[in-house]
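The structure appears right after this line, and notes come after that.
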Amino acid sequence: MNPMIPGLTGDKMSSSDPDSKIDLIDGPAAVKKKIKKAFCEPGNVTNNGLLASLNSLSSLTLGKQEFEIKRKEEHGGNVNYATIEALTEAYRTEEVYPLDLKNSVAEYINQLLAPVVAEFQSKELKKLSSQAYPPISTKGAKGAHSWRQKLTYPG
């Protein structure tokens, strides 16, 4: 059985709340937008969907052995973590701040998803995706799931 991880909102992931999860075909802008809105309280490692997602993805290292938190020199400069446990502890003790974590996780996930997003640029797969996941109208939503129409990846 797969472990349950919290969604980006701090609660469980939900298909009815697109902002609670990242889809495999989300483009870079959608990933950044969702992660920017993610619940990421300083020092809170219990309901942190970003850390939970990283823990689940930790076997995918993008050819690197460490996870890099990129930040400006005046904020301590870049720092690398060899394990998810070390990163989690640094977040718990507030050595890593929410914005640092969000920016680095967004970059990491976009690198992981880049090949999938690129593959879904074909006309056939875009059509298949729109058939499999038709737009859903929700109360107050403007063009629900319009983010699915913006599956472009630069480069």
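No experiment lies behind these values; they were computed from the predicted model shown.
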Q: Please name all residues satisfying side-chain hydrogen bond (donor to acceptor under 3.5 Å, both in side chains) with Ser122, sequence neighbours left out, ordered by chain then number.
A: none
Could you pull out all residues at least two apart from [X] that satisfy side chain to side chain contact (heavy atoms under 4.5 Å, CB included)?
{"X": "Val45", "result": "Leu51, Thr88, Tyr91, Arg92"}
{"X": "Thr83", "result": "Glu85, Ala86"}
{"X": "Glu119", "result": "Leu125"}

Can you hop from [X] to [Y] via hydrophobic side chains spaced under 4.5 Å?
{"X": "Phe120", "Y": "Leu128", "result": "yes"}
{"X": "Phe39", "Y": "Leu87", "result": "no"}
{"X": "Leu99", "Y": "Ile109", "result": "no"}
{"X": "Phe67", "Y": "Tyr97", "result": "no"}

Quick one: pull up [atom1] in [X] and [atom2] in [Y] and give me the separation to the nearest 0.5 Å.
{"X": "Leu50", "Y": "Asn55", "atom1": "CG", "atom2": "CG", "result": "12.5 Å"}
{"X": "Ile35", "Y": "Asn110", "atom1": "CD1", "atom2": "CG", "result": "7.0 Å"}
{"X": "Leu54", "Y": "Ile84", "atom1": "CG", "atom2": "CD1", "result": "4.5 Å"}
{"X": "Lys37", "Y": "Lys102", "atom1": "NZ", "atom2": "NZ", "result": "10.5 Å"}
{"X": "Thr46", "Y": "Glu41", "atom1": "OG1", "atom2": "CD", "result": "9.5 Å"}

Q: For Pro98 and Pro42, work out which heavy atoms get closest and say how close.
A: CG-CG, 3.8 Å
(Q) Restricting to non-hydrogen atoms, name the atom on Lys70 and the atom on Glu107 that form the minimum distance, rounded to 0.1 Å. (A) NZ-OE2, 2.8 Å
Q) Among Val31, Val117, Val116, which residue meets the side chain to side chain contact (heavy atoms under 4.5 Å, CB included) test with Asp26? A) Val31
Q) Would you say the side chain of Val105 lies within less than 4.5 Å of the side chain of Ser53, judging by non-hydrogen atoms? A) no
Under 3.5 Å, side-chain donor or acceptor atoms of residues 72-81 against the rest of the protein: list the pairs with distances, not counting sequence neighbours.
unit_1 : atom_1 : unit_2 : atom_2 : d
Asn78  : OD1    : Arg71  : N      : 2.9
Asn78  : ND2    : Glu68  : OE2    : 3.3

Q. More than 12 foreign heavy atoms under 6.0 Å from NZ of Lys32: is that the case here?
A. no
Q | Under the salt bridge (charged side-chain N to carboxylate O under 4.0 Å, His left out) test, residues paired with Lys33 that sit two or more places apart | A | none
